[in-house]
Amino acid sequence: QFYAWWLSARGEQAMPSAEDVDPRALVELLPYLRYLSWEDDERLVFRIYGSALVEAGGIDLTGYDVFNPFDPVERAMDQARMRLLHSQPCGIVMIRDIPDRAGRTYPCEFLTLPIAPGPDGKNRIIGTVVPAAKIAEWNVDVVFDRTLTLKQAAFLDIGFGMPAG
């Protein structure tokens, strides 16, 4: 449903623009969405962090830099991956382990697609987060004070090829 919305919103463009992102068109998906903007070369900040994500994680990350908890090497690699979404353009699916306070991890799928800048000139990305393994009920006390281990990453061809390597 998310990808279908994104394709419809982009029309004949490479990607939807910031003006094409209408929360009213995303009502059913909004609780599971992350919408972020590049504030400068280093910071990718959450502008919308869905209510289901807040409830699942116990924290509202709106206004936070997505890269804050990363170590410098992981931060640089993730920043490079996220920049490719606009320069290629392409999408990405990442499986990351989300840790809980007891030390257990839960694989979650992060689907992320590019959004072209609005009048402010800032590139944006939009995506969903869902558990990658069947979970009867999400009652996990997760922590976001560390790097979320990347298990797998794959770029998605949205009609313009994929990054080399």
May I ask whether [X] and [Y] are part of the same hydrophobic cluster, defined by side-chain heavy atoms of I, L, V, M, F, W, Y residues being less than 4.5 angstrom apart, directly or through others?
X: V21; Y: L53; answer: no
X: I59; Y: F110; answer: yes
X: V54; Y: F46; answer: yes
X: V93; Y: L84; answer: no
X: M82; Y: Y64; answer: yes

Answer yes or no: is there a side-chain heavy-atom contact under 4.5 Å between [X] and [Y]?
X: R47; Y: L36; value: no
X: V45; Y: V66; value: no
X: W38; Y: R83; value: yes
X: I126; Y: L33; value: yes
X: P16; Y: W6; value: yes
X: L113; Y: Y3; value: yes

Between W5 and F2, how do the two ring planes meet: parallel, tilted or perpendicular, split at 30° and 60°?
-> parallel
Show your reasoning for whether side-chain contact (heavy atoms from CB on, under 4.5 Å) applies to L29 and Q1.
-> CA-CA 8 Å; L29 296 170; Q1 186 178 355; 4.0 Å; yes
Partner set under side-chain contact (heavy atoms from CB on, under 4.5 Å) for Q88, not counting sequence neighbours =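 Checked Q88 against side-chain contact (heavy atoms from CB on, under 4.5 Å); matches are C90, P163.
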Crowded around Y32 OH? As in, over 12 foreign heavy atoms under 6.0 Å?
-> no
In short, E19 meets G118 closest at the heavy-atom pair OE2-CA, 3.4 Å
Looking at Q13 and A9, what are the two nearest heavy atoms and their distance?
-> NE2-O, 4.0 Å
If you round to the nearest 0.5 Å, how far is [atom2] of [Y] from [atom1] of [X]?
X: S17; Y: N123; atom1: OG; atom2: CG; result: 11.5 Å
X: D60; Y: Y49; atom1: CG; atom2: OH; result: 8.5 Å
X: Y106; Y: D97; atom1: OH; atom2: CG; result: 11.0 Å

Report yes or no: do R34 and T112 form a side-chain donor-acceptor pair below 3.5 Å?
->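 Indeed, the side chains of R34 and T112 share at least one donor-acceptor pair under 3.5 Å.
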Short question: side chain of [X], backbone of [Y] - any donor-acceptor pair under 3.5 Å?
X: R43; Y: D41; answer: no
X: H86; Y: P117; answer: no
X: Q79; Y: E42; answer: yes

Should R75 and D65 count as an ion pair when the cut-off is N to O under 4.0 Å?
-> yes
Would D78 and R96 pass as an ion pair if we require N to O under 4.0 Å?
->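 R96 and D78: salt-bridged.
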Test side-chain contact (heavy atoms from CB on, under 4.5 Å) on L44 and F67 and set out the steps.
-> CA-CA 7 Å; L44 184 59; F67 302 120; 3.5 Å; yes
Can I get a per-line list of side-chain donor-acceptor pairs under 3.5 Å for residues 150-162, giving both atom names and the distance, sequence neighbours left out?
{"from": "D157", "atom 1": "OD1", "to": "G159", "atom 2": "N", "distance (Å)": "2.7"}
{"from": "D157", "atom 1": "OD1", "to": "F160", "atom 2": "N", "distance (Å)": "3.1"}
{"from": "D157", "atom 1": "OD1", "to": "G161", "atom 2": "N", "distance (Å)": "3.1"}

Among I98, I95, T128, side-chain contact (heavy atoms from CB on, under 4.5 Å) partner for C108 | I98
Just one of I125, I115, L26, T62 clears the side-chain contact (heavy atoms from CB on, under 4.5 Å) bar with Y35, so which one?
-> I115
